[in-house]
Amino acid sequence: MALIDVQDLIKRFDGKEVLKGVTMSLSEGQSKVVMGASGCGKSTLLKCLNLLVSPTSGRIIFKGEDITRPDMDIHRLRQDIGFVFQHFALYTHLTVEENITLGLRKIKKMKTAAAREKAAFELERVGMIEHRNKYPAHLSGGQKQRAAIVRALAMDPAVLFLDEPTSALDPQMSREVVTVINKLYLDNITMLCVTHDPFLAKYISDSIVFMHEGVVVAEDVAERLFYEHEDPRVRQFYLSVIDHR
Amino acid sequence: MDAFVQDLIHYSPQILAGLKNTLLLMAIMSVTGIAGGIGLFYLSLAQNRFLRRGTERFISFFIGTPLLVHLFLMYYGLPPLGIRLSAFAVAVIGFTINVSAYNARYLMTAYNGLDKTQIEAARAQGFRFFQIFRLIILPQALRLSVPSLTNQVIQNLKDTSVAFLIQYPDFFAQMQEIASTNFQFFKTYVAAGLVYLALVSVIVAAARRLERKVALPGLETLGRA
């Protein structure tokens with residue numbers, strides 16, 4: 001059974017249809033990347049899936065439960081979905097460790113010592129342990145994004161959503177983050193990532209979902225999608241992002 | 001010894017009692033003003049549109065009308081309606097509402113400067129709005145507003161002198177009484193001004209220390225090059 005099953009998802013903003021009936025699924029242990037040109041609706045799709053944005057219609061089944069029903073406990077749902085943002089979104093008044101332990105203490109109700117231990121374990125995993133007492137303002141972009149990934153992972157979510165995790169980074173820092181996400185991929189963490197970066201897409205995905213103007217037009221493994229796909233929009237998109245690298 | 005200095009010594013118990021009343025009023029309204037300001041700030045972020053708008057109008061009304069009008073309204077306007085409040089109660093209530101409105105505005109300004117993706121991240125993590133306010137928004141808004149909030153404390157101290165107009169026996173009321181007794185208006189008011197200046201200097205020094213201590217990481221004031 002799929003962990004997430006999206007059926008005919010539609011989202012309108014002020015009459016403008018951004019998602020025009022998206023259907024896709026994600027299984028446990030699977031990692032998918034959503035690609036497509038700017039404005040195709042991929043970030044909106046991600047935000048609809050944890051109800052940061054309310055879908056206009058359609059169904060989202062998460063762990064066998066329809067999360068679009070009106071009485072859904074959205075706070076409980078969100079605790080099960082890790083979310084990594086393009087611009088890191090770390091809490092600027094807290095240290096790296098406090099960023100990670102805040103959710104553990106206040107949402108998961110863990111004791112401070114246990115939360116710190118959990119944070120240390122996860123920071124070690126991404127090579128950030130020596131930065132645990134630093135504030136976000138004193139970290140590089142790559143370090144910030146790694147800290148944000150740890151903050152999301154530490155909550156032991158069922159799935160990790162990544163919204164353009166490398167697009168605010170320079171190539172070197174981007175590689176640093178790709179390495180970390182690739183490690184998660186190899187550890188079979190369930191992931192759904194939105195990106196423009198074909199390098200990231202290739203190294204962290206079992207398959208790539210290609211969106212165009214609010215609908216899914218293709219889904220395949222990276223090699224076939226980038227080089228052999230019959231849809232010219234897909235090949236054209238790939239060539240355009242490769243040109244900009 | 002100068003007759004004026006002798007007067008000050010003679011009236012010193014009265015002056016000190018006034019000073020105590022002034023500092024008490026300032027301390028109370030500074031604390032209640034922060035608490036009220038935080039409350040109004042919270043309401044002005046409420047998800048309910050009507051509550052948000054109502055709070056904004058409340059703040060605008062109390063910032064847009066003179067404090068003295070509120071004090072007179074409560075002290076002289078309410079008794080005919082059967083509500084009689086002491087000068088102290090009127091001063092505390094009037095100043096609290098006024099200072100709360102200003103403090104809420106300072107916090108709102110600081111909030112507007114915050115990186116809002118943090119709030120989205122907190123929502124995505126599963127925090128409830130009150131938790132986001134208490135754990136993410138308020139600590140940062142308060143720290144960013146320290147210069148404005150401490151300036152407001154200075155303003156509070158100076159504004160206490162208005163309370164003598166509703167018969168509150170504050171420091172300035174005592175000095176006014178001394179002046180009308182010895183007719184040394186110039187010297188008495190200069191002495192009063194100097195006392196206010198000394199008190200303000202103490203607050204300013206404490207405020208600057210606090211500002212340095214609680215500055216948000218990455219927003220610390222740089223030293224000289």
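What you see is a predicted model; the values in this text were computed from it and never measured. Here is how names work: the chains are called A, B, and so on, in the same order as the sequence lines, proteins then strands, and each is numbered from 1.
Applying the 6.0 Å contact sphere to CZ of B:Arg57 captures no more than 12 heavy atoms from other residues, nucleotides or ligands. Atom CG of A:Asp71 has more than 12 neighbouring heavy atoms from other residues, nucleotides or ligands inside a 6.0 Å radius. Residue B:Lys116 places its NZ atom among more than 12 non-hydrogen atoms of other residues, nucleotides or ligands, all under 6.0 Å distant. When the shell of 6.0 Å around CZ of A:Arg69 is examined, it contains more than 12 heavy atoms from other residues, nucleotides or ligands. Under a cut-off of 6.0 angstrom, the local environment of CD in A:Glu28 is sparse, with at most 12 non-hydrogen atoms contributed by other residues, nucleotides or ligands. Heavy atoms from other residues, nucleotides or ligands lying under 6.0 Å from CZ of B:Arg84 number 12 at most. Shown here is A:Glu65, whose CD atom has more than 12 heavy atoms of other residues, nucleotides or ligands within 6.0 Å.
Contact annotation for A:Leu52: both backbone and side-chain heavy atoms come within less than 4.5 Å of a heavy atom of chain B. Neither the backbone nor the side chain of A:Asp163 comes within less than 4.5 Å of any heavy atom of chain B. Both the backbone and the side chain of A:Arg151 come within less than 4.5 Å of a heavy atom of chain B. Both the backbone and the side chain of B:Gln125 come within contact range of chain A, with heavy atoms under 4.5 Å apart.
Scanning residues 30-49 of chain A against chain B with a 4.5 Å non-hydrogen threshold yields A:Lys47, sorted by number. Identified by a heavy-atom distance below 4.5 Å to chain B, the contributing residues of residues 90-105 of chain A are A:Leu90, A:Tyr91, A:Thr92, A:His93, A:Leu102, A:Gly103, in residue-number order.
Most heavy-atom pairs under 4.5 Å with chain B: of the set A:His75, A:Gln79, A:Gln86, this distinction falls to A:His75.
In terms of heavy atoms, A:Ala89 sits closest to B:Thr117 at CB-O, 3.4 Å. In terms of heavy atoms, B:Ala121 sits closest to A:Phe85 at CA-CE1, 3.4 Å.
Taken to the nearest 0.5 Å, the CD1 atom of A:Ile107 stands 9.5 Å off from the CZ atom of B:Arg128. Once rounded to the nearest 0.5 Å, the distance linking CD1 of A:Ile74 with CZ of B:Arg123 reads 7.0 Å.
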